[in-house]
Amino acid sequence: MLILAIDTSAVASAALVSDDVPEGVVASFSTEDTRSHAEVLAPGIEEMLASADVTGEDIDALVVGVGPGPFTGLRSGIATARTLAFVWGKPLHGLVSLDAVALEVAESTAAVPEFLVVTDARRKEVYWARYTLEDGRLPRLEDGPHVSFAADLPDLPAFGAGAGLYAGALDCHPEFAQEQPDALFLGQFALARLAAGNGLLDSTPLYLRESDAQVPGPRKRAL
Amino acid sequence: MNRSQPLVLGIESSCDETGVGIVRGTTLLTNTVSSSMDEHVRFGGVIPEIASRAHLDAFVPTLEQALADAGVTLDEVDAIAVTSGPGLAGALMVGVCAAKALAVATGKPLYAINHLVAHVGVGLLDGQDNAGGSRQNGTAPQLPENLGALLVSGGHTEILKINSITDDVVLLGSTIDDAAGEAYDKVARILGLGYPGGPAIDKVARTGNPKSIRFPRGLSQPKYMGTTEEPGKHRYDWSFSGLKTAVARCVEQFEARGEEIPVADIAAAFQEAVVDIISSKAVLACREHGIKDVLLGGGVAANSRLRELTSQRCASAGIRLHVPPLNLCTDNGAMVAALGAQLVMAGVEPSGIRFAPDSSMPVTSVSLPA
Ligand SMILES: [Zn+2]
């Protein structure tokens, strides 16, 4: 099974993963930048497909990180994934973007039985979720994702760029202090879940915040 | 690529309409629009984040509908065109990302197009005889020479001179603050008339006396206007924020005196001030730039008084006014496709998929270079 995974919840990244190749990795790319997704994502995907000699025909399914993440960036990945899936006539699944970091933690020597994944939500807040880990299993999302102040999070080891940003308030693991959700791990997570017969989400974005719009109150009368 | 009668799919997402239009050369095949206007009503204006969320969910269904309506497949499409600016940044981003994905998935060339110039593009569609295009037996419609465009909507207010729709468009004047449609929305809120303000004020104004109150005409003083020989800095520009404040003051004065607010009169006087200054400055710009034909575009083109006064003043200045059907005046994908087809036919190279949307894209940039 060949999956095209896309995530723009923080940086822009995409990956081709398959259960037919070692470690599942066919090709991948990611940017450092968190603000130019609309420019870099489509060319990145196009070059990745070309370099792997893969066309839409060859792809069995698409997976997209549905956040949480800053709205405009998050939408670029979802708009891209939905359109590709529509044109190619392939199924599209969603995954919580934080799952990518959780899987990365699970596969590292830093793994602990219970931990938080934390990313930057801007406006002095973080997106976070709590995961548990059992030997030989995929990380399990126990609580979240939520958006809160770093100081209000449970007291657990914290992984991800959001933890690095608020290292004073959180028990941040130094090796993961800059880690962002990456489509490569998202794709691997999806492959593993599908292989285990587990379902995935749809591509509805997890905004977690309402738009800032205020319903205007009645006009003040001049008296 | 078929450059004589290209099949072009156009995508629009610069404000609150998700539009997908398809044209073949100058023939309109479909103009499919999904609007999030209802979601903005309780806020009294377009909320960018709400519009962006709606674009994301509306895009694929609108695309699917457009292809079905036009009876074409993506395989047959020669080129894709998308609004890359000006407009709301987050809203533009959704259409641009979707258009790029469409280009990647289909391998079709992509044109990044100026929204304002696209409003003029509808004048080139067949069957729009009243939209400025003329047709000589069997040849494609051509825009008249010395063409101007007056664009008035909730997002923009501009007067353009179109020397060549594919590569030479000049901005003669524009609003320096609120768009005219925005002023309508704000004043409708002050008067408790609801959203969108344009139709609400237009309706109430018919029963009011426009001469009962005199509201200011922004940027009409000699220091802004100058003379024909020495034009002032804002000779063809508009400003509507002072007008909105004047209406608020006026309402407060009636309230302070404990009098009933003459809503219809205020609406009529406000509308007269807007329409008077828009049409007089537009006609002045046309006269001084040898413009003989003017195309009216944007949602406020639906306003009965704007059409009436503008056509009157154009007529007395010897200028022909062209008003396309309203569904082509408001934001839509067909206008983007129409301009895209012109670019293809003129041999302009596509923009590729690396460009960034530009929320303040100038009209001098009709399409983005690769
Ligand atoms: Zn417009």
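Computed from a predicted model, the values in this text were never measured in an experiment. Every chain is numbered from 1 and lettered A, B, ... according to where its sequence line falls, protein lines coming before strand lines.
- Applying the 6.0 Å contact sphere to CD of E32(A) captures no more than 12 heavy atoms from other residues, nucleotides or ligands.
- Interface remark: L67(B) contributes side-chain atoms only to the contact with chain A (heavy atom separation under 4.5 Å).
- Close approach to chain B, defined as a heavy atom under 4.5 Å from one of its heavy atoms, is seen in P205(A), Y207(A) of residues 194-208 of chain A, taken by number.
- Within a 6.0 Å radius of CD in E76(B), more than 12 heavy atoms belonging to other residues, nucleotides or ligands are found.
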When the side chains of residues 190-199 of chain B are checked against the rest of the protein, which donor-acceptor pairs come out under 3.5 Å, sequence neighbours left out?
none

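- Annotation: the span from S211(A) atom OG to I47(B) atom CD1 amounts to 6.5 Å, rounded to 0.5 Å.
- E47(A) touches chain B through its side chain: at least one heavy atom from C-beta onward sits under 4.5 Å away, while N, CA, C and O do not.
- When I50(B), L56(B), V104(B) are compared by the number of non-hydrogen pairs under 4.5 Å with chain A, L56(B) comes out ahead.
- Nearest heavy atoms, R53(B) versus R209(A): NH2-O, 2.8 Å.
- Note: V60(B) leads V60(B), T106(B), L74(B) in heavy-atom pairs under 4.5 Å with chain A.
- Chain B forms the most heavy-atom pairs under 4.5 Å with one residue out of S76(A), A85(A), G56(A), and that residue is S76(A).
- Residues of residues 117-129 of chain A lying under 4.5 angstrom from chain B, judged on non-hydrogen atoms, do not exist.
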Return all side-chain donor-acceptor pairs below 3.5 angstrom for residues 81-103 of chain B, not counting sequence neighbours, or 'none' if the list is empty.
from: T83(B); atom 1: OG1; to: E12(B); atom 2: OE1; distance (Å): 2.6
from: K100(B); atom 1: NZ; to: A38(A); atom 2: O; distance (Å): 2.5
from: K100(B); atom 1: NZ; to: I353(B); atom 2: O; distance (Å): 3.0
from: K100(B); atom 1: NZ; to: F355(B); atom 2: O; distance (Å): 2.6

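- Using a 4.5 Å cut-off between heavy atoms, I78(A) touches chain B through backbone and side chain atoms alike.
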Next on the checklist: Quick one, D57(B) with R82(A), criterion salt bridge (charged side-chain N to carboxylate O under 4.0 Å, His left out). Give me CA distance, side-chain angles, the key distance, then yes/no.
Outcome noted: CA-CA 10 Å; D57(B) 289 335; R82(A) 284 183 181 176; 2.8 Å; yes
